[in-house]
*Asks:* 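Quick one: this structure, given as structure tokens, is what I'll be asking you about.
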Amino acid sequence: MNILLIGSGGREHALCWKLAQSPMADKIYAAPGNPGMIEAEAISLDSTDHNAVNAFCADKDIGLVVIGPEAPLVDGLADSLRIAGVPVFGPSAKAAQLEGSKGFTKDLCARASIPTATYVRTDNVQGALAALDSFPIPVVIKADGLAAGKGVIIAESRADAEAAVKDMFDGSFGDAGAEVVIEEFMTGEEASFFAVTDGTTIVPLASAQDHKRVGDGDIGPNTGGMGAYSPAPVLTPELERRVIDEILRPTVDTLHADGMPYSGVLYAGLILTDEGPKLIEYNARFGDPECQVLMMRLRSDLVELMLATAEGRLGDIDIPVFADQSALTVVMAANGYPASPEKGGAISNIEAAEAEGIKVFHAGTAIRDGRLVANGGRVLNVTAMARSVTGAQTAAYRAINTINFPTGFCRRDIGWREVEREANDS
Ligand code: AMP
Ligand code: GLY
């Protein structure tokens, strides 16, 4: 079968690598892809032009489209493909509101009694300022729409909260800030859980833990994620069961009952509070870089899993198997990331780093004058697998020390929470 993969990041490279391992995969096209995706033919196709994507699928006899990032989902690309009869992995625009509108998700949680922070949703400054009275400090202020991971402010004082509210309604987040959600601040360790669903059946995949801050020790500005590991043992089997029963199941059932069944991967961002796991937010796609560690561990056929999701047949396939090992990925970013990453820096020695159990996924890379260079904020994802998080961490940093990328940097402590626990347990 021919496959079209939409996207260009490390997440898409990991998906491409795993899709290509399937005996069901013939030709893979990546739009636009990146230089790491040697398994695919990179094509230039404007994913906002749905007619062009449909025409390409007809022309190349595409049997599965995999949509990596959130923007084309929220923009309804999956809907256009479904209308044209092309199997697609990814939710409809309506269902993707789970990621595209924080207010939509909070209202759904309220209706379905899903554990999450208490909230107020408002579309005006006066309403927002009044709502602040009902929350203790710190308080969380969120732009409703997609804001590339930057639309969340944790205000440590009333003055900061008021400034954040005014900022959002002043348009500092564009249309994303036309509505605002004000939320109770929750305390606990964060973890993510991934599952695929075809709108009815839920197939749990695995847990992971991301590292969002740019600096060691979780300091500095938020990023798209500087590294991750999977599984996240802090999410015990008992807690995973609660996440499925108390969060995922009511979400999928409510969307189904509302006539917008969710088809694709559900990424639940969770916080483990004293009262149990609570939902921070949903994403309608795989996490980046969490996808890289999930794909490293996945032993089952990804094409079969995605096609069964797309065709509503998840009830009929074997439960996907994940390696009983820890995978850990470290993001190598360009100096200046996240504010102003430096482009054009040379990268070499990747092949030498890819020893047994190591895979280097490309994110923001490009070929210039025949040489590999940095072309974005997050550039490489150095991914390792071992029997423990500590072992995977050691292997990943050994590989990083082999890679030559003088204008790049990485965090040196990815996995630290679990490494600390493993040290205490031994
Ligand atoms: P998001 O962009 O929704 O992933 O939020 C970014 C980060 O803000 C999350 O990973 C949490 O660390 C933090 N956060 C968001 N909402 C809350 C909340 N209600 N309580 C505590 N922390 C939060
Ligand atoms: N790594 C966080 C995200 O993909 O949203």
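In listed order, ligands and their atoms are each counted from 1. Counting begins at 1 with the first residue of the sequence.
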*Asks:* Does only the side chain of Tyr267 get under 4.0 Å from ligand 2, or the backbone, or both, or neither? Count heavy atoms.
*Replies:* side chain
*Asks:* Could you pull out the closest heavy-atom pair between Gly199 and Val252, with the gap in Å?
*Replies:* O-CG1, 3.4 Å
*Asks:* If I apply the N/O under 3.5 Å rule, does Asp210 come out as touching ligand 2?
*Replies:* yes
*Asks:* Under 4.0 Å from any heavy atom of Glu184, which atoms of ligand 1 are there?
*Replies:* 18 (C), 19 (N), 20 (N)
*Asks:* Using a strict cut-off of 4.0 Å, indicate which atoms of ligand 1 neighbour a heavy atom of Lys142.
*Replies:* 3 (O), 15 (C), 16 (N)
*Asks:* Is it the side chain, the backbone, both or neither of Lys102 that has a heavy atom closer than 4.0 Å to ligand 1?
*Replies:* side chain
*Asks:* Give the contacting part of Glu290 toward ligand 2: side chain, backbone, both or neither, where contact means a heavy-atom distance below 4.0 Å.
*Replies:* side chain
*Asks:* Decide, yes or no, whether a salt bridge links Asp245 with Arg241 under the criterion of side-chain N to carboxylate O below 4.0 Å.
*Replies:* yes
*Asks:* How far is atom 5 (O) of ligand 2 from the closest protein heavy atom, and which atom is that?
*Replies:* Arg285 NH2, 2.9 Å
*Asks:* Does a side chain donor of either His50 or Asp75 reach within less than 3.5 Å of an acceptor in the other side chain?
*Replies:* yes
*Asks:* Would you mind listing which atoms of ligand 1 come within a distance below 4.0 Å of any non-hydrogen atom of Met186?
*Replies:* 18 (C), 19 (N), 20 (N), 21 (C)
*Asks:* Is there a side-chain contact between His13 and Asn381, using heavy atoms and a 4.5 Å cut-off?
*Replies:* no
*Asks:* Write out all pairs satisfying salt bridge (Lys or Arg N to Asp or Glu O under 4.0 Å) with one or both partners inside residues 31-44, taking only residues at least two apart or from two chains.
*Replies:* Lys27-Glu41
*Asks:* Indicate the ring-plane relationship of Phe361 and Trp17, choosing parallel, tilted or perpendicular according to the 30° and 60° boundaries.
*Replies:* perpendicular
*Asks:* Do any N/O atoms on Asn222 end up under 3.5 angstrom from N/O atoms on ligand 1?
*Replies:* no
*Asks:* Could you tell me whether some N/O pair between Ile280 and ligand 1 is separated by less than 3.5 angstrom?
*Replies:* no
*Asks:* Below 4.0 Å from any atom of ligand 2, is there a heavy atom belonging to Pro289?
*Replies:* yes
*Asks:* By number and element, which atoms of ligand 1 are closer than 4.0 Å to a non-hydrogen atom of Glu281?
*Replies:* 1 (P), 2 (O), 3 (O), 4 (O)
